Undergrad: 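What follows is a single structure, and I will ask about it in a moment.
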Amino acid sequence: MGAAGSKLEKALGDQFPEGERYFGLENFGNTCYCNSVLQALYFCVPFREQLLEYYGNNKSTLDGEENLLTCLADLFSQISSQKKKTGVVAPKRFVQRLKKQNELFRSYMHQDAHEFLNFLLNELVDTLEKESKAAKTDQETSPPSEKAVNGPKNGQANGVHEEPLFTWVHKNFQGLLTNETRCLRCETVTARDEIFLDLSLDIEQNSSITSCLKNFSSTETLNAEDKFFCDKCCSLQEAQKRMKIKKPPHILVIHLKRFKYMEQLGRYKKLSYRVVFPLELKLSNTVEDADIEYSLFAVVVHVGSGPNHGHYVSLVKSHNHWLFFDDENVEMIDESAVQTFFGSSQEYSSNTDHGYILFYESLGSGNRN
């Protein structure tokens, strides 16, 4: 990518951000699903900084161990410490580890970028939780004088459920949903909270993220065979149900459900619907604190007309510039070009490049753009 790299450097000129690196990622035979998500995560600056900090603090103890967390940290460290400003990095170690850890990603078939993102974030959380437990066990088996220095331990005896660990992955991506069900006979509201690392939204033709979010939290009536068992009435009752975002995350990841199983076809079909995603997003009607505002900083795009073939690329906003990452190639694009990835307003269109996963950063979380 020498020529393309120098082209990008020329395009940015003296506006090239201090200390930033723009590197393409080599494709190891259909690993674009992985490359596109990795670029979006690399330019999720709070996540990148915390991962590199973790790597710096644990480098000496990580040498013997290899897992997806160490491979990702190693890759991000490799990119951020490059002497050149642009170029290509081969994420070979990371991809090998991914294939070793999950047979789903072993084949050369077209993979789903959202499944990969989900798997990766959950793996990072699992690894951090295991490390924390191991550190706690070490602390508990250490001599009494050391225990006193480290303070009281939070472990609870007799199998009492411990609070799950809140890692820096959670700190960035975790939000809280509340599922409210109101019994229409006694008006009692039953609320159940559930955590999420990303939101999957159903989509409709010629819609927007705002309308998809409204539909996500619209009220649904449970009746006939779907009646709700009300604990207060001790019987099945008609009820109203709705989902709300109780606590929005710092990084809001929205997955658009573009692949839908069609009963009549007996297979999945790609929905090329036009769904407008704004550069600035306000969460209203779906969230208890309606004032929260987000800024778009990355889009993973699916290119292709079907779910079982195609390609993934990503658009990234870094220091007020938009960049287009297509495996080894990186180029600058105009902000207005983002609109070309909203989708198609007609069912059959030559445009097959559609926004699939959107990354928004809360403007209240120290956004750097």
Side-chain angles (χ1 to χ4, degrees), residues 32-33 36-37 39-40 109-118 175 177 196-220 242-245 251-287 294-317 322 324-326 333-360:
C32 56
Y33 69 92
S36 56
V37 168
Q39 294 291 10
M109 282 172 63
H110 185 66
Q111 303 290 352
D112 188 300
H114 178 245
E115 275 181 21
F116 163 65
L117 173 65
N118 238 307
L177 289 172
F196 68 92
L197 296 177
D198 67 89
L199 283 184
S200 286
L201 300 182
D202 287 309
I203 60 172
E204 289 173 358
Q205 180 55 289
N206 293 319
S207 60
S208 66
I209 291 299
T210 312
S211 62
C212 294
L213 282 164
K214 267 187 191 149
N215 289 342
F216 176 77
S217 23
S218 60
T219 303
E220 177 192 347
R242 71 168 296 198
M243 189 81 92
K244 268 197 313 197
I245 298 172
I251 306 296
L252 175 64
V253 179
I254 294 175
H255 159 238
L256 302 180
K257 292 185 183 174
R258 287 206 176 270
F259 303 116
K260 190 178 183 182
Y261 188 76
M262 308 303 250
E263 292 283 347
Q264 63 273 36
L265 297 173
R267 61 179 168 83
Y268 280 89
K269 177 181 186 286
K270 182 180 177 184
L271 305 176
S272 59
Y273 299 162
R274 180 177 163 83
V275 181
V276 174
F277 45 89
L279 297 173
E280 304 294 324
L281 175 70
K282 266 198 169 153
L283 284 192
S284 52
N285 300 338
T286 49
V287 69
Y294 286 92
S295 178
L296 184 72
F297 71 88
V299 182
V300 170
V301 172
H302 181 267
V303 180
S305 53
N308 302 317
H309 51 86
H311 184 51
Y312 287 102
V313 296
S314 50
L315 319 173
V316 160
K317 187 183 184 186
W322 279 93
F324 178 78
F325 287 86
D326 180 355
I333 54 166
D334 198 68
E335 185 173 84
S336 61
V338 174
Q339 297 172 25
T340 60
F341 300 95
F342 288 166
S344 322
S345 34
Q346 280 89 33
E347 167 98 36
Y348 299 102
S349 160
S350 57
N351 172 17
T352 63
D353 307 6
H354 311 121
Y356 183 48
I357 313 171
L358 313 172
F359 292 76
Y360 282 94

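As a basis for the values below, the full set of heavy atoms in this structure was taken, side chains included, without hydrogen atoms, waters or symmetry mates. It should be emphasised that the depicted structure is a prediction, and the values quoted were computed from it without experimental measurement.
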Undergrad: Would you say R274's side chain and Q346's backbone share a donor-acceptor pair under 3.5 angstrom?
TA: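 Checked: no pair found.
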Undergrad: Please test L177 against I245 for side-chain contact (heavy atoms from CB on, under 4.5 Å), starting from the C-alpha separation and ending with a verdict.
TA: CA-CA 4 Å; L177 289 172; I245 298 172; 3.8 Å; yes
Undergrad: Applying side-chain contact (heavy atoms from CB on, under 4.5 Å) to L271 and H354, what does each step give before you reach the verdict?
TA: CA-CA 9 Å; L271 305 176; H354 311 121; over 6 Å; no
Undergrad: Please report the shortest heavy-atom distance between L281 and I254, naming the atom on each side.
TA: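 Smallest heavy-atom distance, with atoms named: CD2-CD1, 4.2 Å.
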Undergrad: Can you find a heavy atom in the side chain of K260 that is under 4.5 Å from one in the side chain of I203?
TA: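 K260 does not reach I203 side chain to side chain.
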Undergrad: Would you please test F259 and D112 for side-chain contact (heavy atoms from CB on, under 4.5 Å) and show each step?
TA: CA-CA 10 Å; F259 303 116; D112 188 300; 4.0 Å; yes
Undergrad: Any chance you could lay out the ring pair (Phe, Tyr, Trp, His ring centres under 6.0 Å) test for H114 and Y312, step after step, and finish with the verdict?
TA: CA-CA 11 Å; H114 178 245; Y312 287 102; over 10 Å; no
Undergrad: Is there side-chain contact between F324 and Q39, with at least one heavy-atom pair below 4.5 Å?
TA: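 In short, these two side chains do not touch, never coming nearer than 4.5 Å.
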Undergrad: Can any side-chain N or O of K270 pair as donor or acceptor with the backbone N or O of H302 at less than 3.5 Å?
TA: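 Flag set: sc K270 to bb H302 pair under 3.5 Å.
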Undergrad: Report yes if the side chains of L199 and L213 come closer than 4.5 Å at any heavy-atom pair, otherwise no.
TA: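 The answer is yes, as the side chains (C-beta and beyond) meet within the 4.5 Å cut-off.
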Undergrad: Consider side-chain contact (heavy atoms from CB on, under 4.5 Å). Of V300, V299, L252, L296, which one does F359 pass it with?
TA: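 It is V300, the one option of V300, V299, L252, L296 that forms the side-chain contact (heavy atoms from CB on, under 4.5 Å) with F359.
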Undergrad: Would you say that V301 contacts L315 through its side chain, given a criterion of any heavy-atom pair below 4.5 Å between the two side chains?
TA: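 Touching, per the 4.5 Å side-chain cut-off.
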Undergrad: Kindly give the heavy-atom pair with the smallest separation between C212 and V275, and that separation in Å.
TA: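 Of all heavy-atom pairs spanning C212 and V275, the closest is SG-CG1, 4.1 Å.
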Undergrad: Counting only N and O atoms by type, is there a donor-acceptor contact under 3.5 Å from the side chain of S314 to the main-chain atoms of A40?
TA: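 Looks like no, no N/O pair under 3.5 Å.
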Undergrad: Taking C-beta and beyond as the side chain, do L283 and Y360 meet within less than 4.5 Å on heavy atoms?
TA: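 A side-chain contact is absent here, since even the closest heavy-atom pair is not under 4.5 Å.
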Undergrad: Has Q205 got a side-chain atom pairing as donor or acceptor with S345's backbone, closer than 3.5 angstrom?
TA: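 Flag set: sc Q205 to bb S345 pair under 3.5 Å.
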Undergrad: Is there a side-chain contact between L256 and I357, using heavy atoms and a 4.5 Å cut-off?
TA: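 No, too far: nothing below the 4.5 Å cut-off.
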Undergrad: Heavy atoms only: give me the nearest E204-S207 pair and the separation to one decimal.
TA: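 Smallest interatomic distance, heavy atoms only, reads O-OG, 2.6 Å.
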Undergrad: Which atom names give the shortest non-hydrogen contact between A298 and W322, and what distance separates them?
TA: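 Scanning both residues, the minimum pair turns out to be N-CH2, 4.5 Å.
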Undergrad: Just so I know, are the side chains of Y356 and H255 near enough to count as touching, which here means a heavy-atom distance under 4.5 Å?
TA: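 Side chain of Y356 against side chain of H255, heavy atoms only: contact under 4.5 Å found.
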Undergrad: Check whether any side-chain heavy atom of R258 lies under 4.5 Å from a side-chain heavy atom of P307, and answer yes or no.
TA: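 No, their side chains stay 4.5 Å or more apart.
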Undergrad: Can you tell me how far the OH atom of Y33 sits from the CG atom of L117, to the nearest 0.5 Å?
TA: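 That separation rounds to 12.5 Å.
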